[in-house]
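Heads up: the structure comes next, in structure tokens.
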Protein chains: 2
Amino acid sequence: MMNNEQPLTCSHTHSASPVLPVVDPESLERAARLFRALGDGPRLRILHLLLRGETCVSEIVTATADKFSTISQRLRILRSEGLVRRRRDGSHVYYALADDHVKDLLRNALAHARELDSPTISQLPSEDD
Amino acid sequence: MMNNEQPLTCSHTHSASPVLPVVDPESLERAARLFRALGDGPRLRILHLLLRGETCVSEIVTATADKFSTISQRLRILRSEGLVRRRRDGSHVYYALADDHVKDLLRNALAHARELDSPTISQLPSEDD
DNA sequence: TCACCATTTCATCATTTCATAAAATAGCAA
DNA sequence: TTGCTATTTTATGAAATGATGAAATGGTGA
């Protein structure tokens, strides 16, 4: 058993910390929020659907077989991070990917996920690498 | 009050669904997990630290002033998604970004977050765009 | 105006995630 | 072996997130 945590006595030679490449915590948080919005299967599925082009909420609901309020919440989160934009036409509301950057981000991630056979947490790489 | 949910009677002309660009759910989930691992400020901070190069756990602990077990858990999650690799040298364990792709991903996201003033959920864009 | 359809918001519950203490494991040296 | 330092694992409580029913809002047309 170890006295546990903190009182850190690590005394090996660390390369004298050459000042962190400073990134204001704001940006870090913003980036994290963006990734978090993307980090959900169902939401990613919606974004993927939108790769086909502008789509109205009802279409998304029928395409995914989810509840209206469920889809609406997902869209709200995606919109709050600037991933999708919306446009109202009469009684319908249409959503679309916010810009080409989002499209690239999406396509890259999906391509990467398709090729890279990322291990599950229960199948961690044995030891170092 | 509305009978609410499902029984969807949306009858406007939808462009006849031309078969979704099929992406197996597996890939979607994998991509989502990757994004989720990135979608956390503290974890992103570690990755950012690692942009400076291979770093041992103790260094990360002192640099971030977090508990050892906390850092270890974060590293585990990052590793489980293949974002970092580790190498043992004697009694120390060194972590590094898994590959250049991760570096790019990171730099892009941070740059994007720095410029884009992504609104908080409480500051949603007024109406359509 | 009323009635109806499309969508969003609100409140709640279930699930997941996060940080952490405690205990376990691993390497090294006496 | 014992003892020490470095790191990981396990268990757990607290906080965040996700899905959803119910109610509210907004648009359209009679």
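The structure presented is a predicted model; accordingly, all values stated were derived computationally and were not measured. Below, read A as the first sequence line, B as the second, and so on, with proteins coming before strands; counting in each chain starts at 1.
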Under the side-chain hydrogen bond (donor to acceptor under 3.5 Å, both in side chains) test, residues paired with B/E29 that sit two or more places apart: none
A/R76 CZ - C/dA11 C1' separation (whole Å): 13 Å
Side chain to side chain contact (heavy atoms under 4.5 Å, CB included) against A/P42, all qualifying residues, sequence neighbours excluded: A/D40, A/R74
Atom pair distance, as rounded to whole Å: OH in A/Y94 and P in C/dA6: 11 Å
Interatomic distance, B/F68 CZ vs C/dA24 P [rounded to whole Å]: 19 Å
Integer-rounded Å distance: C/dT20 P and B/I71 CD1: 9 Å
Pairwise side-chain contact, A/R43 with A/Q73, heavy-atom cut-off 4.5 Å (strictly under): no
Residue B/V93, side-chain heavy atoms: nucleotide from C/dT8, D/dT9, D/dT8 that is nearest: D/dT8
Length of the line joining A/L75:CG and C/dT9:P, which is rounded to integer Å: 11 Å
Distance below 4.0 Å between A/R86 side-chain N/O and C/dT8 OP1 or OP2: yes
Under 4.0 Å protein heavy-atom contact, by nucleotide of nucleotides 14-19 of chain D - B base, S sugar-phosphate only: ---SSS
Per B/D66 side chain, nearest of listed nucleotides D/dT8, C/dT20, C/dT9: C/dT20
Length of the NE2-P vector between A/H92 and C/dC4, whole Å: 17 Å
Show me the side-chain donor-acceptor pairs of residues 100-107 of chain B shorter than 3.5 Å, one per line, residues at least two apart or across chains.
from, atom 1, to, atom 2, distance (Å)
B/H101, ND1, A/H112, NE2, 3.4

With B/D89 via side chain to side chain contact (heavy atoms under 4.5 Å, CB included) - residues at least two apart: B/R87, B/Y94
Any residue meeting side-chain hydrogen bond (donor to acceptor under 3.5 Å, both in side chains) with A/D24, in chain and number order, not counting sequence neighbours: A/S27
For B/A109, all residues meeting side chain to side chain contact (heavy atoms under 4.5 Å, CB included), sequence neighbours excluded: A/F35
Using a cutoff of under 3.5 Å, can you pull out all pairs of nitrogen or oxygen atoms linking the protein to nucleotides 26-30 of chain D, with atom names and distances?
none

Side-chain touch A/L38/A/L34, heavy atoms, less than 4.5 angstrom: yes
Contacts of B/T64 that satisfy side-chain hydrogen bond (donor to acceptor under 3.5 Å, both in side chains) - sequence neighbours left out: B/D66
Candidates D/dT8, C/dT9, C/dT7 - which lies nearest the side chain of A/S69: C/dT9
Separation of atom CD1 in B/I46 from atom C1' in C/dC18, rounded to whole Å: 13 Å
Whole-Å gap separating C1' (C/dA26) and CZ (B/R87): 17 Å
